[in-house]
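All ligand and atom numbering here is 1-based and tracks the order in the structure. One-based numbering along the sequence shown.
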Amino acid sequence: MRVGRATVMELGTERGRKVMIRRREEIAKMRKAGLVVAEMLERICAKAKPGVTTAKLDRIARDVIEQRGAVSNFLGYRGYPAVICASPNDVIVHGIPGRTMLEEGDILSIDCGAIVEGYHGDAARTVAVGSVSKDAQRLMDTTRQALDAGIARMLAGVNLYEVGRAVQKVAEKAGFSVVREYVGHAIGTEMHEDPQVPNYWPGRPGPKLAPGMAFAIEPMVNAGGAETELLDDGWTVVTADGSLSAHFEDTVVVTEGAPEILTRVA
Ligand code: MF3
Ligand code: CO
């Protein structure tokens with residue numbers, strides 16, 4: 001999601017907004033949605049080969065949604081025209097699927113979501129199309145490690161912005177930069193709930209995590225600079241310097257113990 005008015009001052013719950021605590025039955029529904037999203041990602045990633053169009057990948061996602069009796073949370077979101085986002089190479093996020101054919105050596109970020117019984121799941125993966133450069137592979141591996149480092153901080157009693165601090169540390173140590181204009185978010189009965197989750201340290205700790213809080217953590221990491229540009233279609237976000245970008249996202253709930261990743265098959 002895009003940061004409100006593009007300023008970090010908008011982050012957080014300091015205007016009296018509380019982070020929702022989900023009951024056990026609500027988490028169970030989010031888990032169902034998460035498993036549909038995991039299945040969508042698995043089926044799409046397996047088909048992301050040279051010669052395949054991103055429209056075809058969208059079709060696969062639609063089929064899974066329909067087979068599982070779920071509803072798409074992307075389609076129609078502020079007029080968004082598809083069920084997935086397909087973001088190749090220098091596209092950071094929100095690429096619209098279409099006639100673009102995948103080519104050997106591309107990296108492709110796939111973002112998708114689903115609603116089951118009124119509860120949302122949201123997740124993304126970046127995959128290699130055929131064999132890719134060592135640098136591209138390192139960018140993907142680092143972004144996934146950054147996501148995992150962020151998730152590992154999602155413990156009761158830890159402050160929310162520690163998640164972004166952990167993400168940023170992994171990305172920057174590898175020499176990459178973290179996108180700031182797009183961030184993670186709380187999730188539940190809406191896809192985008194407050195508070196936002198920056199993928200960097202915003203200078204203050206933010207709200208304290210408690211069991212039942214659920215977030216979509218979604219680092220976007222650029223091989224070059226952090227700056228973004230929005231294309232004329234109003235959706236596609238690219239790196240300003242044309243460098244590659246990777247995106248990994250999971251929907252995660254804070255528990256009494258280890259964080260529970262709802263969009264991965266255990
Ligand atoms: N994971 C993406 C986000 O939080 C979902 C975008 S939905 C879309 O920004 F419909 F806007 F594409
Ligand atoms: Co998201």
Side-chain angles (χ1 to χ4, degrees), residues 1-6 10-11 19-20 30 33-34 36-38 40-41 44-45 54-55 57-58 61-62 65 70-88 91-98 100 108-116 119-127 143-144 146-147 150-151 154 160 163-164 167 178-199 213-222 228-231 233-239 245-253 261-264:
M1 72 180 298
R2 190 176 175 82
V3 174
R5 269 151 266 164
E10 288 291 308
L11 289 169
V19 188
M20 292 293 293
M30 292 183 71
V36 173
V37 176
M40 290 163 83
L41 285 171
I44 292 165
C45 291
T54 52
L57 301 180
D58 192 66
R62 274 174 209 248
I65 291 249
V71 172
S72 173
N73 39 12
F74 283 27
L75 186 66
Y77 178 84
R78 298 187 185 185
Y80 188 72
V83 162
I84 66 169
C85 300
S87 307
V91 181
I92 300 170
V93 275
H94 303 165
I96 302 172
T100 319
L108 179 71
S109 300
I110 297 289
D111 190 345
C112 58
I115 309 171
V116 174
Y119 288 81
H120 290 247
D122 184 7
R125 307 280 179 259
T126 302
V127 290
T143 308
R144 180 163 204 130
L147 170 61
I151 291 172
M154 295 179 70
L160 178 63
V163 173
V167 166
V178 155
V179 169
R180 286 159 186 262
E181 282 107 343
Y182 299 85
V183 295
H185 46 93
I187 181 168
T189 50
E190 313 251 15
M191 176 165 54
H192 293 150
E193 296 182 353
D194 286 324
Q196 298 180 339
V197 186
N199 294 300
M213 293 181 177
F215 300 93
I217 309 299
E218 51 178 316
M220 287 144 270
V221 178
N222 297 350
T228 72
E229 235 168 67
L230 181 65
L231 298 190
D233 62 17
W235 284 104
T236 311
V237 181
V238 298
T239 58
S245 186
H247 179 207
F248 280 84
E249 175 177 25
D250 277 302
T251 297
V252 183
V253 61
I261 304 174
L262 301 177
T263 42
R264 291 186 204 172

Pair D250 + R125, salt bridge at N-O below 4.0 Å: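 Looking at R125 together with D250, the answer is yes, because their closest N to O distance falls below 4.0 Å.
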Listing by chain and number, which residues have a heavy atom under 4.0 Å from ligand 1? M1, F74, Y77, Y80, C85, H94, D111, D122, H185, M191, H192, E218, W235, E249
Is there a side chain to side chain contact (heavy atoms under 4.5 Å, CB included) between I92 and N222? Walk through the geometry before answering. CA-CA 8 Å; I92 300 170; N222 297 350; 3.9 Å; yes
Which atom pair, heavy atoms only, marks the closest approach of V116 to A70?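 Reported closest heavy-atom pair: CG2-CB, 3.9 Å.
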For A146 and V167, work out which heavy atoms get closest and say how close.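 Closest heavy-atom pair between A146 and V167: O-CG2, 3.4 Å.
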Anything protein N/O/S under 2.8 Å from the Co ion (ligand 2)? Just list residue and atom, please.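 Those protein N, O or S atoms (cut-off: under 2.8 Å from the Co ion (ligand 2)) are D122 OD2, H185 NE2, E218 OE2, E249 OE2.
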Mind checking whether W235 and Y77 have parallel, tilted or perpendicular rings, split at 30° and 60°?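 Aromatic pair W235/Y77 classed tilted.
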Could you verify whether a donor N or O on one side chain and an acceptor N or O on the other, from T126 and S109, lie under 3.5 Å apart?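 There is such a pair between these side chains.
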Please report the C-alpha distance between E249 and D122 in whole Å, then the side-chain angles of each, then the deciding distance to 0.1 Å, and finally whether the side chain to side chain contact (heavy atoms under 4.5 Å, CB included) criterion is met. CA-CA 7 Å; E249 175 177 25; D122 184 7; 2.9 Å; yes
F215 and L160: CA distance, side-chain angles, deciding distance, side chain to side chain contact (heavy atoms under 4.5 Å, CB included) verdict: CA-CA 10 Å; F215 300 93; L160 178 63; 3.8 Å; yes
Which is it for E193 and H120 under the side-chain hydrogen bond (donor to acceptor under 3.5 Å, both in side chains) test, yes or no, and what are the steps along the way? CA-CA 11 Å; E193 296 182 353; H120 290 247; over 6 Å; no
